[in-house]
J.: 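Below is the structure I would like to discuss, written out as structure tokens.
Proteins get letters first, then strands, A, B, ... in listed order; numbering begins at 1 in each. Note that the structure is a prediction, hence the values are computed from the model and not measured. We use all heavy atoms of the structure for the numbers below, so side chains are in, but hydrogens, waters and symmetry mates are not.
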Number of protein chains: 2
Amino acid sequence: MGASAALKSRPSAEPDGAEAMLRVALSLFLEQGYHGASMRDIAQRAGVSVSAAYHYFPSKADMLRTIMVRVTEDLIADLEAARDGAGPDPAARLAAIVRAHVLLHTRRQDESFIGNSELRSLSLVDRRKVVALRDRVGQVFKDVVAEGCRRRVFSQPYAAETVRAILTMCTAVAGWYRANGPDRPETIAERYAELALRLVGAGRGEEGHTR
Amino acid sequence: MGASAALKSRPSAEPDGAEAMLRVALSLFLEQGYHGASMRDIAQRAGVSVSAAYHYFPSKADMLRTIMVRVTEDLIADLEAARDGAGPDPAARLAAIVRAHVLLHTRRQDESFIGNSELRSLSLVDRRKVVALRDRVGQVFKDVVAEGCRRRVFSQPYAAETVRAILTMCTAVAGWYRANGPDRPETIAERYAELALRLVGAGRGEEGHTR
DNA sequence: GCGAACTTAACGAACGTTCGCATGGGATGG
DNA sequence: CCATCCCATGCGAACGTTCGTTAAGTTCGC
């Protein structure tokens, strides 16, 4: 706070009150659901009064929308970067986006879980926006798998079901991953990449596990 | 129950008051979440007064518990029947329980979805009970996959991750299945059985698709 | 007239949100 | 240099509404 006195005109990325409130709101939405968590709970756990919370966010709904939009936009950015950084090979691309998806869903597990489970708590207009973002996530996977099928490096007859299976399998990671569990995020990401390749019928031979 | 002549106290055609209320509660929990749905909503959509609802269930929490316990117990019964009816071959057993799992998650989609998403809304004691039931579901899959690995008809190194992937992939069906979509439940079940076999590394040759 | 089904009306608590006010450091003007 | 205003920050109290639940009474087939 003291050091950044000159920067107060631009409230960009700093661990300020709003960010702290978002973190608290996130953990409460996670524990009790959006409707189950009250503004009084959030304010109390953040160590401020109820009305102080309304200085940072105009409403409770705005907190949820902020959380969901942000994590979904970051997911899209991660996926596109992973895909473009993996070269043109569809198998490498699929492995890369699965890794990126799993990594984000472990490293930012709580946001990801809320992003997947509280769609119904959004207002109609917010829901449309988040659904559109989620569609873009699915499209990245669809395109990669479709390209692999076209080039015949993937062999499976039901592309739509398979994409859905991969996507839901990767998404569910946010539901069961535990940071103090036996596996590191990178390990899980690597294994899920292999599982995804099995699902699309690629890599029947041994995949070189560069690690 | 068939001789329901004694129950025609009201001409409104309802098979059973409690069962109808459960159905309404289920659909509202689905749309708005447990905390988002009020007893007034439920009673109104069921066509009774608020207090009449309390003649059938002692509390709102009791409705949720009833829904979740019932569908999970039925799932366990379906899984065990499918497993035992499939003979001793681990691949046939895995395919059978995946089919059964997917079928129940499409045919009783709403209950299944609530059973997977509203655990956090249960009281502590109810949650423990449902978690125990869900553990039994997972155990059925674990046992079948472990047996397949022991007999070397499944080839994959990460049994725990793979079981979790299969389970979450099958569970997520309740989230996206649409009854008026292009695929019938049986079709989806068959494809998911094949996907599961791919995940465990079984059936490298062509599976006979008896259909 | 008994009990199950169902009603109206209300209880106290908790909800999201708003109001009026206090504080205190940084910019502004004389 | 000091008085001034600004405004982000923060508070306690209250707004009107809705919450889950209950009490007391009514209807009606048996």
J.: Would A:K60 and A:E118 count as a salt bridge (charged side-chain N to carboxylate O under 4.0 Å, His left out) if you check the C-alpha gap in whole Å, the side-chain angles of each, and the deciding distance to 0.1 Å?
T.: CA-CA 13 Å; A:K60 183 179 155 185; A:E118 290 291 358; over 6 Å; no

J.: Quickly work out the B:I42 CD1 to D:dC19 C1' distance and round it to whole Å.
T.: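 It is 12 Å, rounded to the nearest whole Å.
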
J.: Atom CG of A:D41 and atom P of C:dC15: how far apart are they, to the nearest Å?
T.: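 Rounded to the whole Å, the gap is 6 Å.
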
J.: Roughly how many Å is it from OH in A:Y54 to C1' in C:dG16, rounded to a whole number?
T.: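 From A:Y54 OH to C:dG16 C1': 4 Å.
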
J.: Using atom CD of A:Q44 as one end and atom C1' of D:dG10 as the other, report the distance to the nearest whole Å.
T.: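 Checked: the CD to C1' distance equals 16 Å.
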
J.: Is it the case that the side chains of B:D135 and B:Q139 hold a donor-acceptor pair, with the cut-off being a distance below 3.5 Å and no angle test?
T.: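 Their side chains do not contain a donor-acceptor pair, so the 3.5 Å distance test is not met.
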
J.: Mind checking if A:A37 touches a base, just sugar-phosphate, or nothing, with heavy atoms under 4.0 Å?
T.: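 It contacts sugar-phosphate atoms only.
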
J.: Quick one: A:H35 NE2 to C:dA14 C1', roughly how many Å, whole number?
T.: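 Checked: the NE2 to C1' distance equals 15 Å.
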
J.: Report, as yes or no, whether the 6.0 Å neighbourhood of atom CD on B:Q44 holds more than 12 heavy atoms from other residues, nucleotides or ligands.
T.: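 Incorrect, the count does not exceed 12.
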
J.: Provide, to the nearest angstrom, the distance between the NZ atom belonging to A:K60 and the P atom belonging to C:dA14.
T.: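 These atoms are roughly 15 Å apart.
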
J.: Between N or O atoms, less than 3.5 Å apart, protein on one side and nucleotides 8-11 of chain C on the other: list the pairs.
T.:
residue: C:dT8; atom: O4; partner: B:S51; partner atom: OG; Å: 2.5

J.: D:dG10 C1' sits how many Å from A:M21 CE, rounded?
T.: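 So the CE-C1' distance, A:M21 to D:dG10, works out to 12 Å.
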
J.: Report yes or no: does A:E161 contribute a side-chain atom to a donor-acceptor pair with the main-chain N or O of B:R191 at less than 3.5 Å?
T.: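 Pair absent, no side-chain N/O of A:E161 close to backbone of B:R191.
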
J.: Checking B:R127 now: which residues fulfil salt bridge (charged side-chain N to carboxylate O under 4.0 Å, His left out) with it, not counting sequence neighbours?
T.: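 For B:R127 there are no salt bridge (charged side-chain N to carboxylate O under 4.0 Å, His left out) partners, ignoring immediate neighbours.
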
J.: Assign each of A:H55 and B:S59 to its nearest nucleotide of DNA chain D by heavy atoms, then name whichever residue's nucleotide is nearer the 5' end.
T.: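 On the 5' side of the pair lies A:H55.
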
J.: With sequence neighbours excluded, what pairs up with B:Y192 under the ring-ring contact (aromatic ring centres under 6.0 Å, His included) test?
T.: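 Not a single residue meets the ring-ring contact (aromatic ring centres under 6.0 Å, His included) criterion with B:Y192.
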
J.: Considering every strand and a 4.0 Å limit on heavy-atom distances, what is the contact class for A:F57: base, sugar-phosphate, or nothing?
T.: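 The answer is nothing, as A:F57 stays clear of every strand by at least 4.0 Å.
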
